[in-house]
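In the text below, chain A, chain B and the rest are named by the order of the sequence lines, each starting its count at 1.
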There are 2 protein chains.
Amino acid sequence: MSELTPPRYVVLGLIARHGAMTPYELKLKVEESVEYFWPIPHAQLYRIPARLAELGLLREETEQTGRRRRVFHLTDAGRAALRQWLADPNTPQPETRDPGQLKLFFADLGDPTDVVALARQQAAQHRHWLDLYRSLRSGLDPTDTARLVSRARILKLGILHEQAYVDFWESLATDPHRLDLD
Amino acid sequence: MSELTPPRYVVLGLIARHGAMTPYELKLKVEESVEYFWPIPHAQLYRIPARLAELGLLREETEQTGRRRRVFHLTDAGRAALRQWLADPNTPQPETRDPGQLKLFFADLGDPTDVVALARQQAAQHRHWLDLYRSLRSGLDPTDTARLVSRARILKLGILHEQAYVDFWESLATDPHRLDLD
DNA sequence: AACGATACCGTACCAATGAGACGATTGAGG
DNA sequence: CCTCAATCGTCTCATTGGTACGGTATCGTT
C-alpha cells in the first residue's frame with residue numbers, strides 16, 4: 001500500500017473521528033481546526049474523497065433525501081491505512097511559507113524604514129493568532145476528556161509557535177538595530 | 001502592476017542582491033538560504049525567470065561562451081516591482097505544513113504509544129535544525145556588515161522557531177500525559 | 001590526445017494543486 | 001407562492017510538484 005499525501009490522511013482522519021461525512025461537512029471541520037497547520041482549499045475536499053473512494057479507502061453513498069449529497073464512509077482498508085500512517089514516527093520535513101519572513105530576508109534591498117512597518121504588522125498579526133489560540137484553549141470542555149488531551153496539545157504547540165513569533169517581531173519593531181549574536 | 005507570487009519575488013530579490021544569474025545559480029542560492037522558509041523546487045527556477053522576462057521584469061541574455069547558458073538581468077521595471085513589494089507591510093498569512101503536527105492532531109485515533117515515538121523523532125529533527133541555525137549564526141562574517149544584519153535577523157527567527165518546537169516535542173516525549181492548561 | 005567517470009546543467013512531462021468564478025439547490029420569511 | 005440569503009457543488013485554467021531523462025563540460029588517467 002503506497003503512501004498517501006497528507007491532505008488525504010486529513011480526510012481519512014476526520015471521517016474516522018467524526019463518522020461518515022459529505023464534502024461540505026469536511027470543509028466545515030477543516031476550517032475549524034486543521035486549517036491552522038495544514039490549509040486545504042475547499043475544492044480539494046470534493047476531489048480527495050472521490051479519489052479515496054476509487055482507492056477503496058472510502059465508500060461513497062448517496063443520501064436518499066433532499067439534496068442527495070454524497071456521503072463518504074470509512075472502509076476497513078481506509079482505517080488500516082490511517083493506522084499504519086499514525087504508527088510510523090517518520091515524517092517529512094515541515095514546510096513553512098511565510099511572506100513576512102521573505103520580506104524580512106530581502107529587507108536590505110528596500111528602504112530601511114520598511115522593516116519597522118513590516119515588524120509592526122507582523123507582530124499584530126501573530127498576536128492575533130496567539131490570542132485566538134489562548135481563548136480556544138480556555139474554552140475547552142474539561143469533561144470531554146477524550147478530545148481534551150489532543151486538542152490541548154495541539155493548541156499548546158500553536159501557542160508556543162505564535163509566542164516565539166510575537167517576541168521576535170515585537171523586539172524588531174521596538175528595537176530594529178539590536179543584533180543578537182549570543 | 002499586479003502582484004506577483006512570492007517565489008517570483010524571490011527570484012527578483014536574489015538577482016537584485018547578487019547580480020545577473022543563470023537558473024542554475026539561482027538554484028544554488030535558494031538552497032543555501034531561502035529554502036528554509038520558502039522551498040522552491042528547482043524546475044521552478046527555470047520557469048519563473050522566463051516568465052518574469054515575458055513580463056519585462058528581467059532581461060534574458062545568452063552566454064557567448066561554453067554552454068551558452070541563459071543569464072537573467074534585472075530591469076528597471078523589475079527593480080521597481082521589488083521595491084514596491086518591500087514597501088508594502090501587508091502580507092498574506094504564513095502557511096505551515098507540518099506532517100508531524102498532523103499526526104499529533106490525529107494521534108487519538110492510533111495507538112497511545114505512537115505519540116511518544118513521534119515526539120522523539122520530531123524532537124530530534126527540530127534539534128537538528130536548531131543546531132544548524134546556531135552554527136550558521138556563529139559562522140557569520142562580522143566584517144560583512146551589510147549582509148550581517150539581515151542574515152543574523154533571519155537566523156534569530158529560525159532559532160526561536162526551532163527552540164519552541166524542540167521544547168514542545170521534548171516535553172511531550174518525556175512526559176506525554178502532562179496537560180498544559182495554564 | 002583519447003578515454004571514461006563524474007559532476008554540472010537543463011528540459012520535458014504529467015498528475016495534482018490553488019484560486020476562484022459560477023451555478024444549482026434549499027429553506028425561511030414574507 | 002415568491003424572493004432572498006445561505007448552503008452546497010462543480011468547473012476551468014494557470015501554475016506547481018515531482019521526477020525522470022538527456023545533454024554538456026571537466027578532470028584525472030593513461
Next item on the list: By nearest nucleotide on DNA chain C, pick out whichever of A/P39 and B/Y24 is the more 5' one.
Entry: B/Y24
Item checked: Phosphate-side-chain proximity, B/R97 and D/dG17, N/O vs OP1/OP2 below 4.0 Å -> no
Notebook entry, point to check: In whole Å, what is the span from the OH atom of A/Y46 to the P atom of D/dT7?
Noted result: 12 Å
Notebook entry, point to check: Does any donor-acceptor pair link the side chain of A/R47 with the base of C/dG18 at a separation under 3.5 Å?
Noted result: yes
Notebook entry, point to check: Nearest-Å distance, CD1 (A/I48) to P (C/dA16)?
Noted result: 11 Å
Next item on the list: Let me know the distance between CD of B/E60 and P of C/dG10, rounded to the nearest Å.
Entry: 11 Å
Notebook entry, point to check: Do the rings of A/W129 and A/Y36 sit parallel, tilted or perpendicular, given the 30° and 60° boundaries?
Noted result: perpendicular
Check: Rounding to a whole Å, what distance do you find between A/L4:CG and C/dA15:P?
Finding: 18 Å
Check: Between atom CZ in A/R69 and atom P in D/dT10, what is the gap in whole Å?
Finding: 12 Å
Note to self: Starting the side chain at C-beta, find the nucleotide from D/dG17, D/dG18, C/dC9 nearest to B/Q44.
What the structure shows: D/dG17
Check: Among C/dT17, C/dG10, C/dT11, which nucleotide sits nearest the side chain of A/T5?
Finding: C/dT17
Notebook entry, point to check: Testing B/R120, B/H126, B/R127, B/Q121 for side-chain contact (heavy atoms from CB on, under 4.5 Å) with B/W169, which one passes?
Noted result: B/H126
Next item on the list: Find the distance between CG (A/L57) and CG (A/L74) and round it off to the nearest 0.5 Å.
Entry: 8.0 Å
Next item on the list: Would you mind telling me which of D/dG18, C/dA21, C/dC9 lies closest to the side-chain atoms of B/A43?
Entry: D/dG18
Margin query: Using 30° and 60° as the class boundaries, would you call the ring planes of B/H161 and A/H161 parallel, tilted or perpendicular?
Written below: perpendicular
Notebook entry, point to check: B/K27 NZ to C/dC8 P: how many Å, rounded?
Noted result: 9 Å
Notebook entry, point to check: What is the distance, rounded to the nearest whole Å, between atom NE2 of A/H42 and atom P of D/dT7?
Noted result: 14 Å
Notebook entry, point to check: Between B/R8 and A/E95, who's closer to the 5' end of DNA chain D by nearest nucleotide?
Noted result: B/R8
Check: Do A/Q44 and A/R8 meet the criterion of a side-chain donor-acceptor pair at a distance under 3.5 Å?
Finding: no
Check: Whole-Å distance between C/dA24 P and A/R70 CZ?
Finding: 18 Å
